[in-house]
Engineer: 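Just passing along the structure, written as structure tokens.
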Amino acid sequence: METKVINGYTHLKYHGVSLEESQMLRKASEFHQYMELRRSVRDISDKPVPQELIEHIIMTASTSPSGAHKQPWTFCVISNPELKSEIRKAAEREEYESYNGRMSDRWLKDLEPIGTDWHKPFLEKAPWLIAVFKKAYAEIDGEKSNYYYVNESVGIACGMLITAIHQAGLVTLTHTPSPMNFLTQVLQRPANERPFLLLPVGYPEENAYVPDLKRKPLNEVAAFYS
């Protein structure tokens, strides 16, 4: 293995996958078409999912880049029925307040095509919940140490997490009840962690339905400068 010392630290020679341009285009197109099948699914089955599968998904997400390679995330993986029930009750309390006063009329109108409301049965029915926490700082021997670009780092990791879930043949839904402090209390997380995202994970129900939505075309999501 070829190495090089830079600033006193060992660096490894990078060995990536070498592909012909035609292969690259084919793989990129195929992956794009596969990801086009990804949908947020609320009708999640209670069919068991092996923990080993979830572990691989988590470790894939944890390959994400992060500021100064601090990896400022914790993936709390919950299958305990009592904890899931407690999380659902707490989330629904916050969601009820949101749907009945916190959300503007315009926001509620924008949600109508999605068909969602404050009831969140998937939080209890899905075999797994993944609560993603961001670490605001590290604490080593009683001393606080900085993390960098925490929101950006954890956001990228969550994108890779959702992609890994889809790649494994499972479905999920990004759930962000606001506020989410109840997750810190229910899961007894340390003071340096903040709840970031809650994902129910499992197989889709046999008769799952999703809204008939269209994604924006390339010319609406990208600007090319040649």
Side-chain angles (χ1 to χ4, degrees), residues 27-64 73-92 94-95 98-99 110-134 154-178 180 182-183 186-187 195-216 221:
K27 287 173 69 69
S29 176
E30 288 174 352
F31 189 66
H32 167 218
Q33 294 304 316
Y34 184 70
M35 291 306 296
E36 280 284 359
L37 300 175
R38 189 210 60 78
R39 297 298 304 267
S40 295
V41 177
R42 289 171 171 77
D43 301 324
I44 300 178
S45 167
D46 59 2
K47 179 182 176 182
V49 173
Q51 180 171 321
E52 184 180 9
L53 182 54
I54 300 298
E55 290 172 356
H56 282 297
I57 287 168
I58 294 294
M59 292 311 297
T60 297
S62 206
T63 67
S64 176
W73 46 68
T74 301
F75 300 98
C76 294
V77 188
I78 306 119
S79 62
N80 180 280
E82 288 77 19
L83 278 179
K84 289 195 295 181
S85 177
E86 192 172 350
I87 288 171
R88 177 189 176 181
K89 290 174 184 175
E92 287 186 334
E94 296 297 346
E95 291 286 73
S98 293
Y99 278 87
D110 285 340
L111 286 175
E112 285 183 2
I114 309 297
T116 184
D117 58 26
W118 65 269
H119 297 92
K120 308 299 176 185
F122 48 78
L123 293 177
E124 205 166 2
K125 189 172 184 181
W128 297 95
L129 300 181
I130 301 177
V132 184
F133 284 78
K134 64 180 184 180
V154 178
I156 295 169
C158 286
M160 294 183 68
L161 176 64
I162 293 166
T163 302
I165 290 168
H166 179 66
Q167 176 68 18
L170 302 173
V171 296
T172 189
L173 170 73
T174 53
H175 185 53
T176 53
S178 181
M180 289 196 290
F182 64 86
L183 285 173
V186 171
L187 300 176
F196 189 83
L197 188 63
L198 182 58
L199 297 166
V201 181
Y203 295 99
E205 288 277 17
E206 186 176 346
N207 291 313
Y209 285 83
V210 295
D212 183 15
L213 303 176
K214 300 293 185 290
R215 294 186 171 103
K216 293 180 179 179
V221 299

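Please read these numbers as outputs of a predicted model, since none were measured by experiment. FYI, the numbering just counts along the sequence from 1.
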Engineer: Over all heavy atoms of both residues, which pair between Trp118 and Glu92 is shortest? Give the atoms and the distance, please.
Structural biologist: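 Minimum heavy-atom separation between Trp118 and Glu92: O-CG, 3.5 Å.
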
Engineer: NZ/Lys120 to CZ/Phe122 distance, rounded to the nearest 0.5 angstrom?
Structural biologist: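 The NZ atom of Lys120 sits 5.0 Å away from the CZ atom of Phe122.
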
Engineer: Do you know the tightest heavy-atom contact between His175 and Leu197?
Structural biologist: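 Nearest heavy atoms, His175 then Leu197: O-CD1, 3.9 Å.
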
Engineer: Would you please test Thr174 and Leu199 for side chain to side chain contact (heavy atoms under 4.5 Å, CB included) and show each step?
Structural biologist: CA-CA 5 Å; Thr174 53; Leu199 297 166; 3.8 Å; yes

Engineer: Tell me, with the steps shown, if Val210 and Val41 meet side chain to side chain contact (heavy atoms under 4.5 Å, CB included).
Structural biologist: CA-CA 6 Å; Val210 295; Val41 177; 4.1 Å; yes

Engineer: Taking the side chain from Ser45 and the backbone from Pro204, do they hold a donor-acceptor pair closer than 3.5 Å?
Structural biologist: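 Checked: no pair found.
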
Engineer: Would you check if Val221 and Arg215 make a side-chain contact, meaning some heavy-atom pair closer than 4.5 Å?
Structural biologist: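 They are not in contact (no side-chain heavy atoms under 4.5 Å apart), so the answer is no.
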
Engineer: Take atom CD of Glu55 as the centre, draw a 6.0 Å sphere, and report whether it contains more than 12 heavy atoms from other residues, nucleotides or ligands.
Structural biologist: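 Enclosed.
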
Engineer: Out of curiosity, Leu183 CG to Ile78 CD1, how far, rounded to the nearest 0.5 Å?
Structural biologist: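 Between atom CG of Leu183 and atom CD1 of Ile78 there are 7.0 Å.
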
Engineer: Around atom CE of Met59, are there more than 12 heavy atoms of other residues, nucleotides or ligands at under 6.0 Å?
Structural biologist: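 For Met59, atom CE is not crowded (no more than 12 foreign heavy atoms under 6.0 Å).
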
Engineer: Would you compute the distance between atom CD1 of Ile156 and atom OG1 of Thr63 and round it to the nearest 0.5 angstrom?
Structural biologist: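 The CD1 atom of Ile156 sits 11.0 Å away from the OG1 atom of Thr63.
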
Engineer: When you compare the side chain of Tyr99 with that of Leu111, does any pair of heavy atoms fall below 4.5 Å?
Structural biologist: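 Yes, close enough: below the 4.5 Å cut-off.
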
Engineer: Looking only at heavy atoms, which two atoms of Val49 and Tyr203 are closest? And how far apart?
Structural biologist: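 Heavy-atom minimum between the residues: CG2-CE1, 3.5 Å.
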
Engineer: Which heavy atom of Pro48 sits nearest to which heavy atom of Pro127, and what is that distance?
Structural biologist: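 Scanning both residues, the minimum pair turns out to be CA-CB, 4.5 Å.
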
Engineer: Within the distance-only criterion (no hydrogens, no angle test), does the side chain of Arg88 pair as donor or acceptor with the backbone N or O of Lys125 below 3.5 angstrom?
Structural biologist: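 Checked: no pair found.
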
Engineer: Could you walk me through whether Trp73 and Ser62 pass the side chain to side chain donor-acceptor pair (under 3.5 Å) test, one step at a time?
Structural biologist: CA-CA 8 Å; Trp73 46 68; Ser62 206; 3.0 Å; yes

Engineer: Hey, can you tell me if Tyr34 and His166 have their rings parallel, tilted or perpendicular (30° and 60° cut-offs)?
Structural biologist: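 Rings of Tyr34 and His166: tilted, 30 to 60°.
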
Engineer: In sequence, state the C-alpha distance, the side-chain angles, and the governing distance for Phe133 and Leu187, and then conclude on side chain to side chain contact (heavy atoms under 4.5 Å, CB included).
Structural biologist: CA-CA 11 Å; Phe133 284 78; Leu187 300 176; 3.8 Å; yes

Engineer: So, does Ser85 use its side chain to make a donor-acceptor pair with the main chain of Pro81 at under 3.5 Å?
Structural biologist: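 Side chain of Ser85 to backbone of Pro81: no pair is present.
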
Engineer: To the closest 0.5 Å, what do you measure between CD1 (Ile162) and CD1 (Ile57)?
Structural biologist: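 Taking CD1 in Ile162 and CD1 in Ile57, the distance rounds to 11.5 Å.
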
Engineer: Please lay out, stage by stage, how Val77 and Gln51 fare under the test side chain to side chain contact (heavy atoms under 4.5 Å, CB included).
Structural biologist: CA-CA 9 Å; Val77 188; Gln51 180 171 321; over 6 Å; no

Engineer: Surrounding CD of Glu36 (heavy atoms of other residues, nucleotides or ligands, distance under 6.0 Å), is the total greater than 12?
Structural biologist: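 Yes - once you tally the heavy atoms of other residues, nucleotides and ligands closer than 6.0 Å, there are more than 12.
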
Engineer: Which pair of non-hydrogen atoms, one from Ser178 and one from Ser98, has the smallest distance, and what is that distance?
Structural biologist: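 Scanning both residues completely, I find the closest heavy atoms to be O-OG, 3.9 Å.
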
Engineer: Would you say CD of Glu206 has more than 12 non-hydrogen atoms from neighbouring residues, nucleotides or ligands within 6.0 angstrom?
Structural biologist: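 Not buried by this count: 12 neighbours or fewer within 6.0 Å.
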
Engineer: To check you understand the geometry: which heavy-atom pair defines the closest contact between Ala168 and Leu53, and what is its length?
Structural biologist: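 That closest heavy-atom pairing would be CB-CD1, 3.9 Å.
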
Engineer: Can you tell if the side chain of Thr172 reaches within under 4.5 Å of the side chain of Leu161, non-hydrogen atoms only?
Structural biologist: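 With C-beta onward as the side chain, the pair stays apart.
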
Engineer: How many angstroms lie between atom CG of Leu173 and atom CZ of Arg42, to the nearest 0.5 angstrom?
Structural biologist: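 Nearest 0.5 Å value for the CG-CZ distance: 4.5 Å.
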
Engineer: Between atom CD of Gln167 and atom CZ of Phe31, what is the distance when rounded to the nearest 0.5 Å?
Structural biologist: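 It comes to 6.0 Å.
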
